[in-house]
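As structure tokens, the structure follows; a few thoughts come after it.
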4 protein chains.
Amino acid sequence: MDKSGGSESVRRLQIAVIGAGNPTHQTAELAEEVGRLIAERDGIVVCGGMQGASEAVCRGAKSAGGLTVGLIPGNAHKQANAYVQVAIPTGFGEARNALVVRAGEVVIALPGQSGTLSEIAFALIAGKSVISLGAWKRDLPLEMSETIYEVDRAEEAVALAFRLGV
Amino acid sequence: MDKSGGSESVRRLQIAVIGAGNPTHQTAELAEEVGRLIAERDGIVVCGGMQGASEAVCRGAKSAGGLTVGLIPGNAHKQANAYVQVAIPTGFGEARNALVVRAGEVVIALPGQSGTLSEIAFALIAGKSVISLGAWKRDLPLEMSETIYEVDRAEEAVALAFRLGV
Amino acid sequence: MDKSGGSESVRRLQIAVIGAGNPTHQTAELAEEVGRLIAERDGIVVCGGMQGASEAVCRGAKSAGGLTVGLIPGNAHKQANAYVQVAIPTGFGEARNALVVRAGEVVIALPGQSGTLSEIAFALIAGKSVISLGAWKRDLPLEMSETIYEVDRAEEAVALAFRLGV
Amino acid sequence: MDKSGGSESVRRLQIAVIGAGNPTHQTAELAEEVGRLIAERDGIVVCGGMQGASEAVCRGAKSAGGLTVGLIPGNAHKQANAYVQVAIPTGFGEARNALVVRAGEVVIALPGQSGTLSEIAFALIAGKSVISLGAWKRDLPLEMSETIYEVDRAEEAVALAFRLGV
């Protein structure tokens, strides 16, 4: 099967995966597993394209023959991590976070810092489902956390993403 | 004194004021007071330019002869609220939140929702001081709240903004 | 008269002035005159905020007590030229050219290079009137130049801008 | 061979293809041929993702099993044409033209209107090579056209793109 093409009428689901640029070992492993699982279901990984969780999720997806897209802050394609297959240099700095979220049809959030928080906030503004895999929910101001789904394992996160993203 | 001009070498301090699009009566009053106080100190109010806290802060600033700038999500100048004197139509939708924060040299945050949260997150990413006047701090994940100053009154917020913004 | 405030219901006309970053002496003089004339009619100058034509038009506007807004490519307010009163750091690099055009209700184009060309193109896309004061018209592909007005003198350009911008 | 993956260290060349939204029959055929040729050489087509030349180039690329990326002006993935495999909804309106150009490592320009002109201008600003396949060169102001290569046939355009893009 040609995973890059798919049939003419059905686009593959694009899942934005967000998380720390300097993740813990555990978060990086989780990200890699999420990437692998998305690829196995023929989804497309969309991310910020740089180091940390983005690199791990792309590595996982690529190991399973998947497709990875990185929307990077700078202007040079080569700044993307080595597992990004489609690099989108935005030149917007961290404001590209809004574009990462817009590029996903659903969002999986791993633990992160203010960058991840900005992406969750943008997802909520855009009315996109956010699946929190160890990221905040309870810690966020209450009204905001209503469309955030909390799950504990990568399998659950990816399965839910495909269920919500149809 | 010509408030619009100032001396050739000194730009007036630009303070981004963020908060809910549908604020409580109390938040709207606080926003208006913040706007008035910024104007009295010859600062420039920068905001999202639409309704709610943005409109209130602009109304307050304008009542004191100040200058107000609104970076709005749409393309039409007339979408800005009536107290915006310089309308910057971005056409970027809610992604313009990143631009609102970039336009301020310091940020005053009133209570809000996910839009306000995205702006606080961008301010933290950009390393800008955030002065929380009733917005979150304790509720945010801990590491992020370190550069957020909490104050209780509009006077404190504006005085601190000028102190930090120099 | 308080030029910064104006009446509550009437915003001042915002005119985007575009042109070379390294203009000829003649173009710089023209830009300065355009800025002065806009300010005398109580318009607001919007520009790219950096050197060259942008600096000249801001200098002219400021000499007449006008208001100047610069949408700059970088993130730091201080990168704006010394005559910019409201600096809008976009952090978008040269992609901010689209924002410069969006910020104007009408566009005056002085001679320039590819940056100016991108701005004229964006103005045409957005359906905004472009007043060419020595910039291209005849040289552009024909269909595009139809909404470009050619004038010879700064007075004509500014008078036409106010006529078209109402 | 897995065209979606490639080897871990070598990204496939990304070529931005730009042109009219309402092309002539001849331009659409040319676009389709360009798309097919890019795919046959294992390049990735990047475009504006909507109708006209974008749709034709994606159709051509997809017919040859290639990968197509569309950076679209709106917020909804489904607005992309049916041959776009990776949809990047920017929400930026026509300002996304700057992003289309940034996403390409080299640019092939087919005949177009002001949108295409804005993209050529941005490519020149960014110092990217522009290969004009029936688009302007001679008609542009002279200094700008220096880094524009003129070719007559789709084969030449694509061959040159791969030569310049290395």
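Per chain, numbering begins at 1; letters A, B, ... match sequence-line order. Every value quoted in this text rests on a predicted model; they were computed, and no experiment measured them. Values below: every heavy atom of this structure, side chains too, minus hydrogens, waters and symmetry copies.
Between C:Glu94 and D:Arg102, the shortest heavy-atom contact is N-NH2, 3.8 Å. Between D:Phe122 and C:Ala95, the shortest heavy-atom distance links the atoms CE2-CA, 3.7 Å. In terms of heavy atoms, C:Ser114 sits closest to D:Ala121 at O-CB, 3.6 Å.
For C:Thr24, the side-chain hydrogen bond (donor to acceptor under 3.5 Å, both in side chains) partners at least two apart in sequence or on another chain are C:Thr27.
Here the CD1 atom belonging to D:Ile125 is positioned 8.5 Å from the OG1 atom belonging to C:Thr116, to the nearest 0.5 angstrom.
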Start with the C-alpha distance between D:Leu117 and C:Ile120, add both sets of side-chain angles, then the distance that settles side chain to side chain contact (heavy atoms under 4.5 Å, CB included), and finish with yes or no.
CA-CA 9 Å; D:Leu117 183 63; C:Ile120 292 177; 5.8 Å; no

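Between chain D and the options C:Ser118, C:Ala123, C:Gly93, C:Ala126, the largest number of non-hydrogen pairs under 4.5 Å is found for C:Ser118.
Counting non-hydrogen atoms of other residues, nucleotides and ligands closer than 6.0 Å to CD of C:Gln26 gives a total of 12 or fewer.
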